[in-house]
A.B. asks: 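There's a structure below that I have some questions on.
Letters A, B, ... mirror the listed sequences (proteins, then strands); counts begin at 1.
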Amino acid sequence: MKYDADRSKRFDEVAGQYATDLYRYALWLCGQDALAKDLVQETFLRAWRALDSLKNPAAAKGWLITILRREFARTFERKVPKFTELDKVMVADEPDLGPDEQVGRHQIREGIMRLPVKYREPLMLQIVMGFSCEEIATQLGLTKSAVMTQLFRAREKLKRVLHEDGVTGKVYEIF
Amino acid sequence: MKFSDFKHLLGADPYSQDPEFLRARNQLGEFAEAAREADDFERHLLAAAAVSPPESLHDDIMRTKFRSRSLALPIAMAASLFLALGALAIMSWNQQRFASLDEYIISHYSHDGQRVERVAANTPVSLQEIEAIMASVGATSDPSLARKIRFLKNCPTPDGKGVHMVLVTESGPVTVIYMPNTTIEEEHGLTLEGKHAWLVALDQGAAALIGDSDEQLQQLQPSIRQGIARNETLAL
């Protein structure tokens, strides 16, 4: 059987385009780098095997997220630790930020991770994966109106968490 | 648009392209102030969410193409089978004579090239095995090249024992037939059905590279030239 160069090329294009965003989304789901990496690899393994079922390249992003979310629910959800390891992942991520900015970014990241999954997931689908509210509704099996409520509450909760951390006044003033 | 609806949409979907929402963004006063605050918060939120991925992420994902859980034969059995067949091939091939080096390479690849590539896709190779087989022809491979090797075995060449390897690249497997005792006058391409092939001269010996595109082979050539070294003290 001849190695299918076209198939490999299609996979490489999809992986190249979405790997980073999928990892970020997985990290915000799992809260742990190793788990997120495993989840993304499993997702792309399944995607490679089922690549022929992806008829429309424009649908790749939604297709990959569907695979990832199913894999998360099937295998990974029960492995999510009680406490996240985001600090280990993100300490090295801020070489160019000043101390105050680093504190501010850390606070936002802590706040994101403290959001309940029902708020965190649609928020990450929106800001990491770039989905519209309609697309998020399709992914989560909700109405658009419900999704918009979750997104609004996610941001409001995030702002409240940042205020509870000792930030006074408007959020943007901490930066 | 009512200010309360505008604020709600800023909180739920600041990326909305609704025309009324976009017009409200450009209004003066409290609309502009609310939009500025929301955009500022969103900038920080996006920056916080955009965690850098691990450096190995892309490579790890590319390797998923070479993982499989559905082989009928255990991987070790399949690898052993091919090693045994390789030994038989050496005995029978030593009886053959080829009109040219090109003919030998074409014949060799046609014989088992694609079958070996298929098994190689699922078979990791230990460094010890790589060292042993390379040492059997008086050669070594550097760690950078060794990491790319997914299968290797001894094979007959017109000038004695050689090594048949399959390497993994981002664009698919590449077969390398290393001929430690062969000297070529000029590097050139070969015509294989459905494949691209190049015959390259090494410091000592020669190698045939067979893959899906000239670009793929060109990218791999430096690794082969720099990664294979002859060490006469190792020759058995």
Side-chain angles (χ1 to χ4, degrees), chain A residues 1-5 7-9 11-12 15-16 19-21 23-24 27-28 33 36-37 40-49 86 89-90 92-93 104-109 111-112 123-124 126-128 130 132-133 147-156 158-159 170-172 174-175, chain B residues 7-18 33 36-54 56-70 113-115 117-118 120-121 166 169-175 193-196 211-213 216:
Chain A
M1 185 172 65
K2 185 181 181 303
Y3 186 82
D4 191 338
R7 189 164 182 267
S8 180
K9 188 181 170 191
F11 177 84
D12 293 351
T20 296
D21 286 344
Y23 166 77
R24 286 170 177 160
L27 183 66
W28 289 116
D33 172 59
K37 280 194 293 195
V40 169
Q41 284 191 49
E42 279 303 310
T43 297
F44 276 106
L45 176 60
R46 288 177 182 276
W48 167 246
R49 288 177 182 161
L86 286 180
V89 175
M90 299 178 189
D93 207 35
R105 184 157 301 179
H106 181 79
Q107 286 176 322
I108 293 186
R109 284 173 171 168
I112 293 172
L123 184 62
M124 291 303 117
Q126 185 184 55
I127 70 174
V128 170
S132 67
C133 293
V147 165
M148 293 186 73
T149 300
Q150 305 288 47
L151 289 168
F152 179 82
R153 287 178 183 168
R155 285 185 172 84
E156 290 300 299
L158 202 48
K159 290 172 187 174
K170 295 173 181 174
V171 171
Y172 66 82
I174 69 175
F175 300 107
Chain B
K7 283 209 71 176
H8 192 269
L9 195 47
L10 275 177
D13 189 8
Y15 311 99
S16 173
Q17 296 299 300
D18 176 77
E33 176 70 15
R36 191 177 67 81
E37 279 187 30
D39 290 347
D40 203 44
F41 175 81
E42 201 66 19
R43 255 194 307 278
H44 292 296
L45 180 59
L46 287 171
V51 181
S52 298
S56 65
L57 180 70
H58 183 76
D59 286 345
D60 291 342
I61 289 170
M62 288 302 115
R63 273 195 284 275
T64 63
K65 289 189 287 186
F66 303 106
R67 282 172 55 192
S68 170
R69 298 171 185 162
S70 59
Q114 291 187 334
R115 284 203 305 273
E117 282 176 6
R118 190 165 65 236
V166 178
T169 72
E170 286 187 4
S171 45
V174 172
T175 290
E193 191 174 338
K195 288 290 207 180
H196 293 248
D212 290 319
S213 69
Q216 185 189 39

A.B. asks: Quick check on B:Leu45 against chain A: is it the side chain, the backbone, both or neither that has a heavy atom closer than 4.5 Å?
C.D. replies: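 Answer is both: backbone and side chain atoms of B:Leu45 are under 4.5 Å from chain A.
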A.B. asks: Please rank A:Met124, A:Gln150, A:Gln126 by heavy-atom pairs under 4.5 Å with chain B and give me the top one.
C.D. replies: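 Between A:Met124, A:Gln150, A:Gln126, the count favours A:Gln126.
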A.B. asks: Distance from A:Thr20 atom OG1 to B:Ile61 atom CD1, nearest 0.5 Å?
C.D. replies: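 Atom-to-atom, A:Thr20:OG1 and B:Ile61:CD1 are 8.0 Å apart.
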A.B. asks: Tell me, side chain or backbone of A:Val147 under 4.5 Å from chain B's heavy atoms, or both, or neither?
C.D. replies: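 The answer is neither part of A:Val147.
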A.B. asks: So what's closer than 4.5 Å to chain B heavy atoms on A:Phe44: side chain, backbone, both or neither?
C.D. replies: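 For A:Phe44, backbone and side chain are both near chain B.
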A.B. asks: Over 60° means perpendicular and under 30° means parallel, so classify the ring planes of B:His8 and A:Phe152, tilted if in between.
C.D. replies: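 Plane angle under 30°, so parallel.
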A.B. asks: Does the side chain of B:His196 come within less than 4.5 Å of B:Asp212's, by heavy atoms?
C.D. replies: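 Side-chain contact under 4.5 Å: no.
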A.B. asks: One pair to check against side-chain contact (heavy atoms from CB on, under 4.5 Å): A:Leu123 and A:Trp28. What are the steps and the verdict?
C.D. replies: CA-CA 10 Å; A:Leu123 184 62; A:Trp28 289 116; over 6 Å; no
A.B. asks: Identify which part of B:Gln216 has an atom lying under 4.5 Å from any heavy atom of chain A, answering side chain, backbone, both or neither.
C.D. replies: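 Neither the backbone nor the side chain of B:Gln216 comes within 4.5 Å of chain A.
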A.B. asks: Which pair of non-hydrogen atoms, one from A:Tyr23 and one from A:Ala36, has the smallest distance, and what is that distance?
C.D. replies: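 Where A:Tyr23 meets A:Ala36 most closely, the heavy atoms are CE1-CB, 4.0 Å.
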A.B. asks: Does any heavy atom of chain B fall under 4.5 Å from the side chain of A:Ile127, the backbone, both, or neither of them?
C.D. replies: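 Backbone plus side chain of A:Ile127, per the 4.5 Å heavy-atom cut-off to chain B.
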A.B. asks: Going by an N to O cut-off under 4.0 Å, is there a salt bridge joining B:Arg36 and B:Glu33?
C.D. replies: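 Salt bridge flag = yes for B:Glu33 with B:Arg36.
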A.B. asks: Picking from A:Arg24, A:Lys37, A:Arg153, which has the most non-hydrogen pairs under 4.5 angstrom with chain B?
C.D. replies: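 The answer is A:Arg24.
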